[in-house]
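Data first, discussion second: the structure below is written as structure tokens.
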Amino acid sequence: MPVEEFVAGWISGALGLVLGHPFDTVKVRLQTQTTYRGIIDCMVKTYRHESLLGFFKGMSFPIASIAVVNSVLFGVYSNTLLALTATSHQEWRAQPPSYTHVFIAGCTGGFVQVYCLAPFDLIKVRLQNQTEPRARPGSPPPRYRGPVHCAVSICQEEGPWGLFRGAWALTLRDTPTMGIYFVTYEWLCRQSTPDDQNPSSATVLAAGGFAGIVSWAVATPLDVIKSRMQMAGLKHRVYRGVLDCMASSVRQEGLGVFFRGLTINSARAFPVNAVTFLSYEYLLRWWG
Ligand SMILES: CN(C)C(=N)NCCC[C@H](N)C(=O)O
């Protein structure tokens with residue numbers, strides 16, 4: 001099993017993550033809190049109340065976990081494609097895999113990475129939603145003191161399975177959208193690259209960026225539901241499942257609830273995925 005794909009997936013994911021985390025914090029807050037009037041209002045309030053550091057809340061754990069999550073996504077994707085087509089990534093430009101194979105491999109990568117991602121994503125979302133400024137003498141401490149304290153508290157208060165709250169919504173979000181993600185990337189690269197050649201850097205950046213936008217646009221409704229289910233344990237709010245969370249969100253806030261965070265998700269998706277694919281492709285080419 002080629003390991004370069006796993007290592008390239010890790011490094012490229014970490015680069016994308018640092019770039020996109022401030023957008024991600026604004027998105028999570030817009031999706032789960034009703035106190036903001038929009039993106040700018042959320043950014044201004046976060047900056048005034050918590051300084052620039054507020055945008056980077058909850059980032060340390062994803063940085064640590066991206067090694068596992070992104071390498072599993074890209075590694076399972078490439079190795080599934082290898083199993084389906086019996087060709088390695090060095091041969092894909094000369095003998096391109098079919099879009100059906102790319103879609104199946106993407107869905108498989110998305111499905112498998114969910115079970116590594118779920119606990120890390122839950123902790124990230126809980127920490128991003130803490131709007132208290134950094135501890136000042138005399139001010140009440142935030143609910144969670146950091147990622148480890150958050151993980152331990154969830155296990156104690158909600159049981160070890162509490163760490164997988166929202167995992168089903170995450171599976172429904174990521175399995176098909178990862179298929180869409182890789183198909184969009186491949187399709188855009190092939191449209192602008194002569195047969196047998198590697199796509200140029202500009203093509204990889206644009207195709208990666210648009211693949212991120214398209215897949216996140218499709219993923220946003222389930223992303224909202226996933227974030228709400230992850231926060232539910234903390235608010236002692238019990239949803240009976242994904243459909244119950246959807247129905248109760250629509251009842252209270254209308255259909256527009258499914259598009260909360262769509263703009264910021266798309267603005268974040270372009271640079272994050274452009275950088276992710278560029279570094280992934282170049283690392284693989286460099287390793288031959
Ligand atoms: C729609 N979804 C879930 C995705 N396309 N995910 C893959 C992109 C991963 C990248 N680290 C990011 O956070 O955008």
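Note that the structure is predicted; figures quoted are calculated from it, not measured. Order of appearance sets the numbers: ligands from 1, and atoms from 1 within every ligand. Side chains are part of it too, since the values below use all heavy atoms of this structure and drop only hydrogens, waters and symmetry mates.
Heavy-atom proximity to T177, at under 4.0 Å, picks out these atoms of ligand 1: 1 (C). The A219 neighbourhood of ligand 1 comprises atoms 1 (C), with distances under 4.0 Å to a heavy atom of that residue.
When each of Y185, F270, F277 is checked for a ring pair (Phe, Tyr, Trp, His ring centres under 6.0 Å) with F210, only F270 meets the rule.
Of all protein heavy atoms, the one closest to atom 9 (C) of ligand 1 is N273 OD1, 3.8 Å. Remark: minimum distance from atom 6 (N) of ligand 1 to any protein heavy atom is reached at M178 CE, 3.1 Å. Ranking protein heavy atoms by distance to atom 12 (C) of ligand 1, first place goes to R268 NH2, 3.5 Å. D174 OD1, 3.1 Å is the protein heavy atom nearest to atom 3 (C) of ligand 1. From the protein, the heavy atom lying nearest to atom 14 (O) of ligand 1 is W216 NE1, 2.9 Å.
L262 places none of its side-chain heavy atoms less than 4.5 Å from the side chain of W216.
Ligand 1 has no nitrogen or oxygen under 3.5 angstrom from a nitrogen or oxygen of R173.
Of the heavy atoms in S215, both backbone and side-chain atoms come closer than 4.0 Å to ligand 1.
Proximity annotation for atom 11 (N) of ligand 1: of L15, N265, N70, N70 comes nearest, heavy atoms only.
When every heavy atom of I225 is checked against every heavy atom of S249, the shortest pair comes out as CD1-OG, 4.3 Å. Shown here for T46 and G54, the closest heavy-atom pair between the two residues is CG2-C, 4.0 Å.
Under the 4.0 Å criterion applied to side-chain N and carboxylate O atoms, D223 and R260 are not assigned as salt-bridge partners.
Atom CD in Q31 sits 10.0 Å away from atom CD in Q230 (nearest 0.5 Å).
Stacking of R190 on the aromatic ring of Y99 is recorded, both the 6.0 Å distance cut-off and the 45° axial limit being met.
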